[in-house]
Amino acid sequence: MMPYLLLSSLLFSAGLAAALLRRNAILVLVGIELMLNAANLNFVVFWKFGPNPESMAPALFVLFSIAIAAAEAGVGLALILALHKHFKSTNVDDMNLLKG
Amino acid sequence: MIEWADQIFVLLKREILLLVPVALQPLASILLSVGPIMGVFATLFAATTVLERKGLGRIQNRLGPNRVGPFGLLQPLADGIKAIIKEDVVPYRTDRVLHTLAPILIMVAALLAYSVLPLGRNMVALDLDAGVLFFFAAGATTELAIFMAGWSSRNKYALLGAMRAIAQMISYEIPLILSTVGVLMAAGTLSTTGIVEAQSGYSGLFPNWYVLTPWGFAGFFLFLIAATAEANRSPFDLPEGESELVAGYFTEYSGFKFAMFFFGEYLGLFAANALAITLFLGGWNAPLQILDWVPSYLWFFAKLLFLIGLSIWVRGTTPRLRADQLMNFAWKFMLPMSLVNILASGLWRFTGDGVLGWLVCGSLVAGSYYALGLNLAPKNAVTKRIYRFAT
Amino acid sequence: MSFDLAILALLIGVSAIAAITLRDLVHCVLCLAVTFASLAAVYLRLGAEFLAFSQVLVYVGAVAILALFVVLLTRTGEPRAESRFSPQVMIPLAVCAFVFTGLAAAAWSSSLKDSPEAVGASMKLKDVGRELMTSYVLPLEVLGLLLTAALIGAAILAKADDGEDDEVTDLGESQGQQQRPMVATTHSDPKHD
């Protein structure tokens, strides 16, 4: 199960890097999706290699997670659209209204 | 003898597999399943192009192709040669990688769907537990391919066509999937072979097909309409309406790549029709018990040709919808209708298929059809049109 | 580590890195779709058919398409010349490296590290459905509520600023339109006279 876990760690770090480094808000959201996917992969791996593979709980958790990720992407992208209308930009560095 | 004729292809495959060394058997099995499917449906595609042009010609009071071969039957051969030897023109500013990948992806997505379709008794390439879900997952990839084609062309008509196509496909995908839910509930499985088996047998004279129930009847037509919209065919061919968008998302494709788009589109149409047969028309089951001796795959292809003929007829006789009509129809009629249909199929489970069931479910489906249709109809039928001119 | 898993891992790694580093946003999202699809293949390999198909249906068919739509809708003129990355690169990169090593070390020291693959385990659709309708029926209902709320919320959010913006642009346009006829009439007046 080691390769799977390393893969999901890589996915998670890549998603974190996108969320921290990229300037574009869409890419930040993409990074969050990647992190969610890494967690999903871990759930499936632990279901397959864990002590009780009869349990359906991990599978259902991933299913719920996929559905919630869809909702999150929908709302997140709508937010980006609304921000774009306001700031005329999707660059997260431009959204600094609280800055003194 | 009857048994043998029915299973001839299955037996043939088994015999050939025995000749192959054990190590290569999985590979040979895959090839023996995939090869015939691709061959048969490519032939069907060629036959359909002639049939469609002939049929459209008849509808439009002309002859259709009649120059190449007897009755123009060799026309697809000529078309194929033309497509292959034509120059592949790629515009200068295109995104070359995506431009090349798009037609390949569209064909792969269409072909993937065939792996779960039962073409006859014991004739399915991949008997998945979640076969219907696989079918829709494969179909979802098509949207991405269309986007790639439209965006990489760097052409405004291509991009507009792709955006229209994706908006339309996403809208109609919801009723497409929801209209199958009733069948899945009744059959209690998502496996395509399981659904066909649930429809085998006869009650009295009639077969146990789901299309012969009130919710199945409505579901069948909802599915066919949504599938027509998914395949971007007339009357839903707005994304490639030649009078406004040249050819939509494949404006910038020529030669063999254009042929691949064409092929992929027809493969998608056949796959959707084949799924409609599997879900509602009893798959490879015979319509009458006394006709049970006819091999199952012949029934499947007879039904498929019937549905293809139906779609040619629809294409020849319906005008193209406007963009707002298209969306109104999807969201204000198809979606609520398919939701009501799920309710009706749930009620059917409790009322049974007697008089009570027909009365309750039938009135539910027919009543909502009438009410939704009333809602969709224009409020004040025909008034004098007021023209506004730009000043 | 078998051959097919190696290919899938390579595909996931390369497409994920490409998705977060490429300059063109459309390429990024398409690479992301590749990542999602290969993850579905990994699920398939692990015997979770249902999850794999849901993953393709939801992520490739909906989330990636939605992201592409937003990329095209938020595109404004020429891309700016500045870097696509934030000014401070070193600290976030260090954080990511730290997180990766932490996760990998945790996996390495896990007691489950050498546990064998449960051969018989597969996700029967009937079991998933039964669990959903018995033990998990409340989460399922809440999820339905959440999705409805998200749908309405997204529609309102994407429309929200629209009203004000439209008024402003409408004003500008109508002023422009008013000016043009005036010019036209002054031109045409002498003819009439």
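Quick caveat, the model's predicted, so the values are computed rather than measured. Letters go in sequence order (proteins before strands), and every chain restarts at 1.
- For a residue to count as touching a neighbouring chain, one of its non-hydrogen atoms must lie under 4.5 Å from one of that chain's; by this rule A:Ala19 does not touch chain C.
- Interface remark: C:Leu140 contributes backbone and side-chain atoms alike to the contact with chain A (heavy atom separation under 4.5 Å).
- At a 4.5 Å heavy-atom cutoff, the contact between C:Ala67 and chain A is made by backbone and side-chain atoms alike.
- No other option in C:Tyr59, C:Phe50, C:Phe36 has as many heavy-atom pairs under 4.5 Å with chain A as C:Tyr59.
- Residue A:Leu16 touches chain C through both its backbone and its side chain, counting heavy-atom pairs closer than 4.5 Å.
- The contact between A:Leu6 and chain C is made by backbone and side chain atoms together, counting heavy-atom distances below 4.5 Å.
- With respect to chain C, the highest number of heavy-atom pairs below 4.5 Å among A:Val45, A:Asn42, A:Leu29, A:Asn37 belongs to A:Asn37.
- Listed for the C:Ser38 side chain is a donor-acceptor partner under 3.5 Å among the backbone atoms of C:Val34.
- For A:Leu41, the parts sitting under 4.5 Å from any heavy atom of chain C are the backbone and the side chain alike.
- Within 6.0 Å of atom CZ in A:Phe43, 12 or fewer heavy atoms from other residues, nucleotides or ligands are found, so the atom counts as exposed in its surroundings.
- Contact of C:Leu51 with chain A is made through backbone and side chain together, with heavy-atom distances under 4.5 Å.
- The choice from A:Leu63, A:Leu10, A:Val30, A:Val62 that makes the most heavy-atom pairs within less than 4.5 Å of chain C is A:Leu63.
- In this structure, chain C has heavy atoms under 4.5 Å from both the backbone and the side chain of A:Phe64.
- Of the two parts of A:Ile26, only the side chain, counted from C-beta on, holds a non-hydrogen atom closer than 4.5 Å to a non-hydrogen atom of chain C.
- Interface remark: A:Ile66 contributes backbone and side-chain atoms alike to the contact with chain C (heavy atom separation under 4.5 Å).
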